[in-house]
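A quick write-up on the structure given underneath.
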Amino acid sequence: MKKIITSILLFYSFLIADLIQPFNDEALNSIYVLFEWNQEPDAVNYNLQGSNQDTFENIFLDINHPTTVYIEKNYFTWNETFYWRVRPIYDNGNYGDWIGSSQFSINEPTLQNLETTIYNDDLIQDGLIIYGEFSPNLLIGVIDKFGNEIWNGGNPDNDHQLGVFLNYVSNSGQLFGKSHQSGIKFNYKSEVLWDTPNDTVVDLHEIQQLPNGNYMSFVPIYELGPIAEGPWTHFFQNLGYIADGETNEFPWLGLKLVEWDKDTKEEVWVWNPFDYFTMDDHDLYGNLWWDAYINGRFDWLHSNSFSFDAEESVIYVSHRHLSRISKTAYPSGEILWNIGLPSEYNTGDDNICTDLLFSWQHHVQLIDNGDLLFFDNGNLSDMLLGDTNKTSRVRRIKVNDDNTCETIWQYDL
């Protein structure tokens, strides 16, 4: 009896084996559906059909396609079950037998209450938009220019979903983020393709794959430093600290850049900010010491993004709480320059381009022509630029050979 059941299962598997994806009973998180099947001998075309009935009495998709891979973008909807089948078409126009039939479902959408406004359809760039949401839910999704949800990373309430904070998308569409304590590379089926070593807790802001195939991310690191003098001094003294601005007694949080070997996951390069920056440079105006009093550590740098330039072998790094963008030589780690604030703001005496006056910036990236593009959060813009309300700006700048900067483009939010 066991042999008979095994033979039936093998026979059934053979019947549907030529339909590769979606595999039978697969649950998708996308209404763009990739179909793939094995090549059939002598076929010059293939007939693909889709239906919402297993009897295929209601066929809504019926196309002929010359290859064994096809993406359908128009006919599928969320929260439904579908059936599909494929048959070969020969040179004489005759149809072969159905390769097989299979079913799949599409899960529910996760993006809610999105409103889109189109001012000029002709000016919108072609393509799709991928987003990551941190709060109130940990969500990832893709939308088109009309705000229609195309793909998502799964319902966060489902225990079987990956649960990842998206922080980087490469030019070729590779996805990177943080899941639990690990930095990961994953695909659109939420399959983990690479992750950082189990004993390493990475920062949530950035993980990338470098041109050499290795991976790089921020990792928290602590050293004892002084408690700066200010209105908070006696509060720290009430906790038992000396708080004289000189005694190294309080945990300072920095973020080191770490490169891991793609195969062995061994650390092959580390850049430690405590070796290159001085603790004399720190922000006194953004309530960071009040935050330190509450949380028991001083968030010194809050480094939040980097852009690796293989052509010049440098790394551009955004250190948010110093309002500083550094150009760092790789692999020596030497600081080539820091763009930042004037010296009176206590975040560096040798910064270049101090007239830019950005603050607490994010997401620095080197674009193709060598300009730098970043998001100026503007947490200190009322103090630095006289803004009535703190204002965020998108900034594109050019760093000249003489270490001066010019604004190429800017958008004030």
- On the 0 to 90° scale, with breaks at 30° and 60°, tag the W290-W232 ring pair as parallel, tilted or perpendicular. perpendicular
- Message: What I'd like to find out is whether the side chain of Y46 reaches to under 4.5 Å of the side chain of T68, using heavy atoms alone.
- Response: yes
- Side-chain touch N38/I20, heavy atoms, less than 4.5 angstrom: yes
- Message: Quick one, I397 with F374, criterion side chain to side chain contact (heavy atoms under 4.5 Å, CB included). Give me CA distance, side-chain angles, the key distance, then yes/no.
- Response: CA-CA 9 Å; I397 65 170; F374 62 94; 4.0 Å; yes
- Message: Quick check: do N74 and E72 have side-chain heavy atoms less than 4.5 Å from each other?
- Response: yes
- Query: Distance-only, no hydrogens or angles: does the D376 side chain make a donor-acceptor pair with backbone N or O of V394 under 3.5 Å?
  - Reply: no
- Query: With side chains defined as the heavy atoms from C-beta onward, is the minimum distance between K327 and E312 less than 4.5 Å?
  - Reply: yes
- Under 3.5 Å, is there a donor-acceptor pair linking the side chains of E133 and Y131? no
- Derivation of the salt bridge (Lys or Arg N to Asp or Glu O under 4.0 Å) call for K178 and D203: CA-CA 8 Å; K178 181 176 181 179; D203 179 71; over 6 Å; no
- Message: Would K73 and D144 count as a salt bridge (Lys or Arg N to Asp or Glu O under 4.0 Å) here? Give the steps.
- Response: CA-CA 11 Å; K73 301 179 179 180; D144 64 16; over 6 Å; no
- Relative to each other, are the rings of F60 and Y75 parallel, tilted or perpendicular (30° and 60° limits)? tilted
- Task: Among I325, L341, L384, N377, find the residue that satisfies the side-chain contact (heavy atoms from CB on, under 4.5 Å) test when tested with F358.
- Result: I325
- Message: With side-chain contact (heavy atoms from CB on, under 4.5 Å) as the test, pick out the partner of Q181 among D199, T200, V201, D195.
- Response: V201
- Message: Taking the six-membered ring for Trp, are F35 and H65 closer than 6.0 Å centroid to centroid?
- Response: no
- Message: With rounding to the nearest 0.5 angstrom, report the NZ to CG distance, K256 to L301.
- Response: 14.0 Å
- Query: Is a side-chain N or O of W300 found less than 3.5 angstrom from the main chain of D281, in a donor-acceptor match?
  - Reply: yes
- Message: I'd like to know whether D412 forms a side chain to side chain contact (heavy atoms under 4.5 Å, CB included) with R393, so could you lay out the CA-CA distance, the side-chain angles of the two residues, the decisive distance to 0.1 Å, and finally the verdict.
- Response: CA-CA 4 Å; D412 295 12; R393 295 170 168 88; 3.3 Å; yes
- Carefully, step by step, assess N58 and S51 under the rule side-chain hydrogen bond (donor to acceptor under 3.5 Å, both in side chains). CA-CA 6 Å; N58 178 30; S51 175; 5.4 Å; no
- When you measure from the side chain of E249 to the backbone N and O of I242, does any donor-acceptor pair fall under 3.5 Å? yes
- Query: Is the shortest heavy-atom distance from the side chain of F146 to the side chain of I118 under 4.5 Å?
  - Reply: yes
- Item | Residue pairs, two or more places apart or on separate chains, that pass disulfide (SG to SG under 2.5 Å) and touch residues 271-319 | none
- Item | Neighbour count above 12 (heavy atom, 6.0 Å) for E344 CD | yes
- Closest approach of I143 to E149 (non-hydrogen atoms, all atoms of both residues): CG2-CA, 4.1 Å
- Message: Does L372 form a side chain to side chain contact (heavy atoms under 4.5 Å, CB included) with Q365? I'd like the steps, not just the answer.
- Response: CA-CA 6 Å; L372 288 175; Q365 53 183 307; over 6 Å; no
- side chain to side chain donor-acceptor pair (under 3.5 Å) partners of residues 347-359, not counting sequence neighbours, each pair once: none
- Message: Taking N403's backbone N and O only, do any of them form a donor-acceptor pair with N400's side chain (distance below 3.5 Å, no angle check)?
- Response: no
- Message: If we count only N and O atoms by modelled type, under 3.5 Å, do the side chains of S170 and S172 hold a donor and an acceptor together?
- Response: yes
- Do P226 and D244 have side-chain heavy atoms sitting under 4.5 Å apart? no
- May I ask you to decide if the ring planes of Y293 and F235 are parallel, tilted or perpendicular, using 30° and 60° as cut-offs? perpendicular
- Message: Please report the interatomic distance CG(N152) to OH(Y188), rounded to the nearest 0.5 Å.
- Response: 12.5 Å
- Minimal heavy-atom distance between S392 and F375, with the atoms involved, is CB-CZ, 3.6 Å
- Item | From F218, W271, F308, residue fulfilling side-chain contact (heavy atoms from CB on, under 4.5 Å) relative to V317 | F218
- Query: Are D121 and K145 ion-paired here, with the side-chain N under 4.0 Å from a carboxylate O?
  - Reply: yes
- Message: Quick one, Y345 with L380, criterion side chain to side chain contact (heavy atoms under 4.5 Å, CB included). Give me CA distance, side-chain angles, the key distance, then yes/no.
- Response: CA-CA 11 Å; Y345 294 104; L380 307 178; over 6 Å; no
- Message: Parallel, tilted or perpendicular, judged at 30° and 60°: which one describes the rings of H282 and W252?
- Response: perpendicular
- Where L336 and V314 come nearest, the two heavy atoms and their spacing: CD1-CG1, 3.8 Å
- Reported NZ-to-CG distance for the pair K390 and N379, which is rounded to 0.5 angstrom: 6.5 Å
- Has the side chain of S318 got a donor or acceptor atom that lies under 3.5 Å from a matching backbone atom of V364? no
- Task: Quick one: list whatever passes side-chain contact (heavy atoms from CB on, under 4.5 Å) with Q209, sequence neighbours left out.
- Result: Q174, F176, K185, Y215
- D18 side chain reached by E40 side chain, heavy atoms, under 4.5 Å: yes
- May I ask you to test the W84-L61 pair for a side-chain heavy-atom distance under 4.5 Å? no
- Query: So, is the end of the R85 side chain (NZ or CZ) under 6.0 Å from the ring centre of F56 and within 45° of the ring's axis?
  - Reply: yes
- Query: Just by distance, do the side chain of S326 and the backbone of T328 share a donor-acceptor pair under 3.5 Å?
  - Reply: no
